[in-house]
Amino acid sequence: MKIALTSDNIAGASESVLHAMMEASKGDAMPYGNDESTAQVTAMLSELFECELDVFLVSTGTAANVLSVSAMTPPWGSVLCHTESHLMNDESTAPEFYTGGARFVGIEGADAKIDPVLLKKIVNQKVGDVHSCQPSAVSISQVTEVGSVYSLEEIREITNVAKAAAIPVHMDGARFANALLALGCSPAEMTWKAGIDIVSFGATKNGTMASEAIVVFNKALSKELGFRRKRGGHLHSKMRLLSSQMVAYLTDDLWRKNATHANAMMALLQEGLKSVPGVVINTPAQANMLFCTLPAGMAEHLQAEGFAFYGGRWEEGVVRLVTSFRTPAEGIDAFVASARRFADSV
């Protein structure tokens, strides 16, 4: 059985999500988020995160990320993130566009996690100097771009540095559910209890069609976010079609079930690849994404057999493998078996 491990974006939407959208499209409802299901999303997320919060639904992860940070920094400020972060490398120039020209500064750190020592140094450089952009926000990715996950202690180390400098912190949670299950903690513990001000609560990679939630714990940022969402063209008139997806996603723990399967398939894949001669696991996967180095010729062999994945963007032989809520165990077994056949033949 051939499978694609290119991205969790290749999976469609969960059936209950599509059914919810069909039901929501019946009849009339107030536009621009003034409908009952949008209010229900806020109530459900408030219960999930154990606090009062504001929610701004958008249809893409890019919009969730860039609108979030735009409400945290002025145009003359800087957003501090890891050098390998999505904001730095995979959002085109949307971050600069939506922030009105704010600078994005990359900070190094092992496993694509910001080094808090380096962060502390940078947030205290040239503060108040009119000749320099001012450190204004911090953004961390959870899961990171190499498949690692910030521990609760590591998140607090970052937020403690930021708070000491009076800087808000954003979490890019495109794979929020996958990271949460890897840590075995509550949504509150991984966000506002750890010092996060805004989280991009990702859902599209894990079962919705096109629905992401900007969840705001620091309500001082909410008013500006509302205007920025409208100005940026992301205030959907038929918001109920986005909110109905999120309601279905949060109902009966669908979001947990989907992420549990994706993580389990990655654990199965990683364990299988460890037994294949010549395969090097670069950063051990904690959720549903893995980078590994394949011996010469293996990637081409796997692709010739019908398997798909991303490679060529990193060092020679490095490929990215991502599992989704629809990745079949049989496909994982077939992928590992094919890799082993190649290794045994050379």
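- Cluster membership for V69 and V138, using ILVMFWY side-chain heavy atoms within less than 4.5 angstrom, is not shared.
- Not a single donor-acceptor pair under 3.5 Å links the side chain of R229 to the backbone N or O of L235.
- E36 CD: 12 or fewer foreign heavy atoms inside a 6.0 Å radius.
- Looking at D253, its side chain never comes within 3.5 Å of a backbone N or O of R256 through a donor-acceptor pair.
- Tested against Q142, the residues V199, L183, I196 include a single side-chain contact (heavy atoms from CB on, under 4.5 Å) partner, L183.
- In the hydrophobic clustering of this structure, L45 does not group with V58; members are Ile, Leu, Val, Met, Phe, Trp, Tyr whose side-chain heavy atoms approach within less than 4.5 Å, directly or through other members.
- Shown here is K219, whose NZ atom has more than 12 heavy atoms of other residues, nucleotides or ligands within 6.0 Å.
- Within a 6.0 Å radius of NZ in K193, other residues, nucleotides and ligands contribute more than 12 heavy atoms.
- To the nearest 0.5 Å, atom CD of residue E157 and atom NZ of residue K120 are 11.5 Å apart.
- In this structure, the separation between CE on M88 and CG on L80 is 10.0 Å, given to the nearest 0.5 Å.
- From S68, atom OG reaches atom CG of L225 across 6.0 Å, with rounding to the nearest 0.5 Å.
- Checked by atom type and distance alone, the side chain of H236 never pairs as donor or acceptor with a backbone atom of K238 at under 3.5 Å.
- Using a distance-only test at 3.5 Å, with no hydrogens or angles considered, no donor-acceptor pair links the side chain of S141 to the main chain of T144.
- Around CG of D129, the count of heavy atoms belonging to other residues, nucleotides or ligands within 6.0 Å exceeds 12.
- The existence of a salt bridge linking E305 and K2 is excluded, since no basic side-chain nitrogen approaches an acidic carboxylate oxygen closer than 4.0 Å.
- There is a path of hydrophobic side-chain contacts, each under 4.5 Å, that joins I281 to F342.
- Hydrophobic clustering places M72 together with L87 (ILVMFWY residues linked when any side-chain heavy atoms are closer than 4.5 Å, directly or through intermediates).
- Side chain of R240 to main chain of P31: no donor-acceptor pair is present (N/O by atom type, distance under 3.5 Å, no hydrogens or angles).
- Atom CD of Q286 and atom CG of N178 lie 12.0 Å apart (nearest 0.5 Å).
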inquiry  = Under the criterion side chain to side chain donor-acceptor pair (under 3.5 Å), I'd like the reasoning laid out for N206 against Y249: C-alpha separation, chi angles, the key distance, then a yes or no.
reply    = CA-CA 9 Å; N206 194 42; Y249 183 67; 2.9 Å; yes
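- Judged by distance alone, with hydrogens and angles left aside, the side-chain atoms of S136 form a donor-acceptor pair with the main-chain N or O of Q134 at under 3.5 Å.
- Rounding to the nearest 0.5 angstrom, the gap separating the OG1 atom in T323 from the CD atom in Q270 is 10.5 Å.
- Note: S222 OG to I214 CD1 = 10.0 Å, rounded to the nearest 0.5 Å.
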ask   = Yes or no on side chain to side chain contact (heavy atoms under 4.5 Å, CB included) for L5 and V322, after CA distance, side-chain angles and deciding distance?
value = CA-CA 5 Å; L5 297 168; V322 185; 5.8 Å; no
task = Check the pair M171, M190 against side chain to side chain contact (heavy atoms under 4.5 Å, CB included), reporting the backbone distance first and the verdict last.
result = CA-CA 10 Å; M171 176 182 285; M190 199 173 79; 4.2 Å; yes
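- Between Y98 and H234, the two ring planes are tilted [angle within 30° to 60°].
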task = Show your working on side chain to side chain donor-acceptor pair (under 3.5 Å) between E84 and N89 and close with a plain yes or no.
result = CA-CA 7 Å; E84 296 183 58; N89 300 294; over 6 Å; no
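- By the neighbour-count criterion of 12 heavy atoms within 6.0 Å, atom CH2 of W314 is densely surrounded, having more than that number from other residues, nucleotides or ligands.
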query = Given the rule in the side chain to side chain donor-acceptor pair (under 3.5 Å) test, do S14 and N258 qualify, once you have shown the distances and angles that lead to the verdict?
reply = CA-CA 9 Å; S14 294; N258 284 357; 3.0 Å; yes
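- Crowding of K163 atom NZ: a count of heavy atoms from other residues, nucleotides or ligands under 6.0 Å exceeding 12.
- The neighbour count for E15 CD, taken as heavy atoms of other residues, nucleotides or ligands under 6.0 Å away, does not exceed 12.
- Taken together through direct or relayed side-chain contacts under 4.5 Å among Ile, Leu, Val, Met, Phe, Trp and Tyr, L242 and L53 form part of one hydrophobic cluster.
- At distances below 3.5 Å, at least one donor-acceptor pair connects side-chain atoms of S275 with backbone N or O atoms of G272.
- For W192 and F49, the ring centers sit 6.0 Å or farther from each other.
- Note: F309 and F335 have perpendicular aromatic rings, judged against thresholds of 30 and 60 degrees for the angle between ring planes.
- Remark: side-chain polar atoms of Y150 are paired, donor with acceptor, to backbone N or O of I114 under 3.5 angstrom.
- Using modelled atom types, no side-chain atom of Q40 and backbone atom of S37 make a donor-acceptor pair closer than 3.5 Å.
- Within 6.0 Å of CZ in R103 there are 12 or fewer heavy atoms belonging to other residues, nucleotides or ligands.
- A side-chain donor-acceptor contact under 3.5 Å links N218 to the backbone of A220.
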